[in-house]
Amino acid sequence: MKIATWNVNSINVRIPQLVEWLLAAGPDVVCVQETKTIDENFPEIVLAEAGYQAAFTGQKSYNGVAILSKFPIEDVQLGFPGDDDEAQKRMIGATVNGIRIVNTYVPNGSELGSDKFKFKLDWLHRLRSYFDETCDPNGDVLLCGDFNVGMEAEDVWNPAGYEGKLHFSKPERAAMHYVKQFGLTDVFRDLNGNVSEFSWWDYRAGAWQKNHGLRIDYIWVTPTLAEKAKSCVIDKSPRYLDLPSDHAPVIAEFTI
DNA sequence: ATGGTAGATACTCTA
């Protein structure tokens, strides 16, 4: 079973690339972030024609997450329990083939010390609470998405320059580590050692051409699922296309 | 060098 995560930066702009990638890569499940559309405009029919059913929760202009799957999508959770209609649409959970999947678009944080930065840290604590309240660390649980945090030096093209900066600051890494301490392990890092590969390159300043990237898109799993992990790769191929997303998909394969 | 580009919306905000 192949499970992928991809921040597409507008699903309606990216739908041709997304469908082409689904047919080429053949993932069983894809967790999508930054759909940037209301549910009425989600391209559900096009995806169904490509063989994927979808669960999604979006809003106008910003955020929005979805789970696409070849298999039935069960027990869907849209946002955190208790979220009202105004809450930012950044989390969707569902069960596929017995695996509990939580797909997140972690807040960017804007700049250290800002209200948005505090929102990011608070949001990550809510995410950990959600795991504590609803997930079993001894079961097959998968957390993935755009975490907007690089966890280790190898995840950042210029770790010295990023020290104390957004995406790599101590409070962000600590908050994300707290989520990980639920009992999750980074599939990419476990299987590939301390390589330095990235999943996101800023559109600006020629970051892609210079490989000035960050690995901020992750697939984290509980130990029972980690034992079944065969491979985890970052597929850079869509990043070479014209009008790409700024993120590349990450895909993990499990013997399940 | 505090820029650069992309997307959605409506002439700016977010990333």
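Note on naming: letters A, B, ... go to the chains in the order of the sequence lines (proteins, then strands), and numbering restarts at 1 for each one.
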### Interatomic distance where CD1 belongs to A:Ile216 and P belongs to B:dA15 [whole Å]
12 Å
### Task
Using the C1' atom as the reference point in each nucleotide, state the distance between B:dT14 and B:dT9 in Å, no decimals.
12 Å
## Note on the structure
Between CZ of A:Phe119 and P of B:dT14 the distance, given in whole Å, is 12 Å
#### Entry: Exceeds 12 heavy-atom contacts within 6.0 angstrom, atom CG of A:Asp115
no
#### Entry: Ion pair check, A:Glu197 and A:Arg215, cut-off under 4.0 Å
no
#### Entry: Pi-cation contact, A:Phe168 with A:Arg173 (under 6.0 Å, within 45°)
yes
### Query
Are there more than 12 heavy atoms of other residues, nucleotides or ligands under 6.0 Å from atom CG of A:Asp84?
yes
### Message
Taking only the C1' atom of each, what is the distance from B:dA1 to B:dT12 in whole angstrom?
### Response
24 Å
### Query
Do we see a donor-acceptor contact under 3.5 Å between the side chains of A:Asp235 and A:Trp21?
yes
### Task
Quickly work out the A:Glu34 CD to B:dT14 C1' distance and round it to whole Å.
8 Å
### B:dC11 versus B:dG7 - spacing of their C1' atoms, nearest Å
15 Å
#### Entry: Protein-nucleotide distance (A:Gln59, atom CD; B:dC13, atom P), rounded to Å
17 Å
#### Entry: Lys/Arg N to Asp/Glu carboxylate O, A:Asp140 vs A:Lys228, below 4.0 Å
yes
### Query
Could you write nucleotides 1-9 of chain B as a row of B, S and -, 5' to 3', where a protein heavy atom under 4.0 Å of any base atom gives B, of only sugar-phosphate atoms gives S, and otherwise -?
---BBSSSS
### Task
Can you tell me the distance, in whole Å, between the CD atom of A:Glu111 and the P atom of B:dC13?
14 Å
### Message
Can you check the distance between B:dA15 and B:dT2, where both ends of the measurement are the P atom (answer in whole Å)?
### Response
23 Å
### Message
Tell me the interatomic distance from A:Lys120, atom NZ, to B:dT14, atom P, rounded to whole angstroms.
### Response
15 Å
